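Everything quoted here is computed from the prediction, not taken from an experiment. Quick note on labels: first sequence line is chain A, next is B, and so on, each numbered from 1.
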There are 2 protein chains.
Amino acid sequence: MKNYSAYLIDLDGTMYRGKEVIAEARQFIEHLQANGIPYRYVTNNSSRTPEDTAKKLQNFGIEASVEQIVTASMAAAAHIKSHFPEARAFAIGERGLTDALKEVGIEIVEESPDVVIMGIDRENNYKKLRNACLYVQQGAEFLATNPDIKVPTEKGLVPGNGAFIKLVENVTGVEPTVIGKPKRHMIDFALEQIGANAEDTIMVGDNYDTDILAGMEAGLDTLHVHTGVTTLDEIKNKDRRPTYSIETLEEWFK
Amino acid sequence: MKNYSAYLIDLDGTMYRGKEVIAEARQFIEHLQANGIPYRYVTNNSSRTPEDTAKKLQNFGIEASVEQIVTASMAAAAHIKSHFPEARAFAIGERGLTDALKEVGIEIVEESPDVVIMGIDRENNYKKLRNACLYVQQGAEFLATNPDIKVPTEKGLVPGNGAFIKLVENVTGVEPTVIGKPKRHMIDFALEQIGANAEDTIMVGDNYDTDILAGMEAGLDTLHVHTGVTTLDEIKNKDRRPTYSIETLEEWFK
């Protein structure tokens, strides 16, 4: 095992499962802290603010500062700011997104936007989706925080942001730039935040189709942990395998 | 040209274009009336009631009674009533749909439905779509009035009912039974209403992908008229051609 100088770490399925902490993950973080190894949590969740997420981790007994949280919304806001510096944005999303946009000084407008940015919005409605379609047809750049089509809940699968971006895509024929995993933009943004190189950093996550692919896309080594979505057997059948694949994070620093 | 004993006739692109009547179509209807040939207007529009549509035609100077209007919502209500007689329905839709369901005695519920029926709904929102997804996963029958993904307006393309049913399909993995054109259910229903056989009836419309295909599916002869979506040249390149293809309805009874 190589000595990595920085870690990017997924949350759900890696640090916790729903409302239950993964004990080995907590010890893993304690090890990183004790050894002064820098790390960031990277999450496709676009509705929570970094404050919400830090608090959630703290409630699990995991030390986490707001600065250690990187969300797809923050990465999307940074992407807009750097590619379209004066852009006015039409945003479909919750506080995690609108706060992130305001944070970097992007003006949020209801009409004539230069950019349409979509994150999950439990207040989404026909009018917002219609406007998103019209603005994209009028030439606004089309961005999305994350492409998750469906989200598991206790009651069953509910629509994720990906379901709504597909709707706009089907109407307009325009594909959005997706910022979150499995795309590389959020990983690149997290590396920048941490001041680390891709070669010396490892991406840690449970989900092959999001965490591991995003890490690979950005040129990082990857560590798959089987405490969430993807099993070790599934990993064995992949053409492109993660650098490492383990049962729990307990095995890592042994 | 065969003497057809009944006509099924599309509306938009065939009888009128947006807010403008097609004069030849009005004369065509006058000929049917003068000769006592029965006919029905068949429309994928699920939001308008038959009263709304009859009034729209009357405002164009076209005689039309409420009984002559067949909507995808009416056909959907009849389909539910005959296949799931005691069904309680969760309905996403406007008055054209909810009125049609009540008309045949289907109870509309917000929870634990046996059927999920979706039509266009300009008050659609996250909660309705989430509930539709959950009910379909719980085993409710999934039906849709019409599959139109996008609808042209003066401002651009806006989401049609098909965009929202695709969303529920993407989340649940379940395809709905579609009642409207290009499926045959609404055509079958219109034949029943008029008391006519498929062999003696002709379907008239401007749109190959909806009107003509639906007519063919239901075993009718078909008359394509080039006053709307599909051109005569496009028709020439189709493997399955309509029985007749003409520039305007003026040519038909000459």
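Few gaps surround CD on A/Q58; more than 12 heavy atoms of other groups in view lie less than 6.0 Å from it. For A/E51, the CD atom sits in a packed shell: over 12 heavy atoms of surrounding residues, nucleotides or ligands are nearer than 6.0 Å. Residue B/K183 places its NZ atom among 12 or fewer non-hydrogen atoms of other residues, nucleotides or ligands, all under 6.0 Å distant. Taking a 6.0 Å sphere around CD of A/E169, one finds it holds more than 12 heavy atoms contributed by other residues, nucleotides or ligands.
Of the residues considered (B/A163, B/P159, B/C133), B/P159 shows the highest number of contacts with chain A, using heavy-atom pairs under 4.5 Å. Top candidate by heavy-atom pairs under 4.5 Å with chain B, chosen from A/K150, A/Q138, A/R130, A/Q137, is A/Q137.
Residues B/I149 and A/N170 come closest through the heavy atom pair CG2-O, 3.7 Å. Closest approach of A/L157 to B/V171, counting heavy atoms only: CD1-O, 3.8 Å.
In this structure, NZ in B/K166 is found 11.5 Å from CG in A/L167, a value given to the nearest 0.5 Å.
With a 4.5 angstrom heavy-atom cutoff, B/D121 touches chain A only via backbone atoms. Contact of B/K155 with chain A is made through backbone and side chain together, with heavy-atom distances under 4.5 Å.
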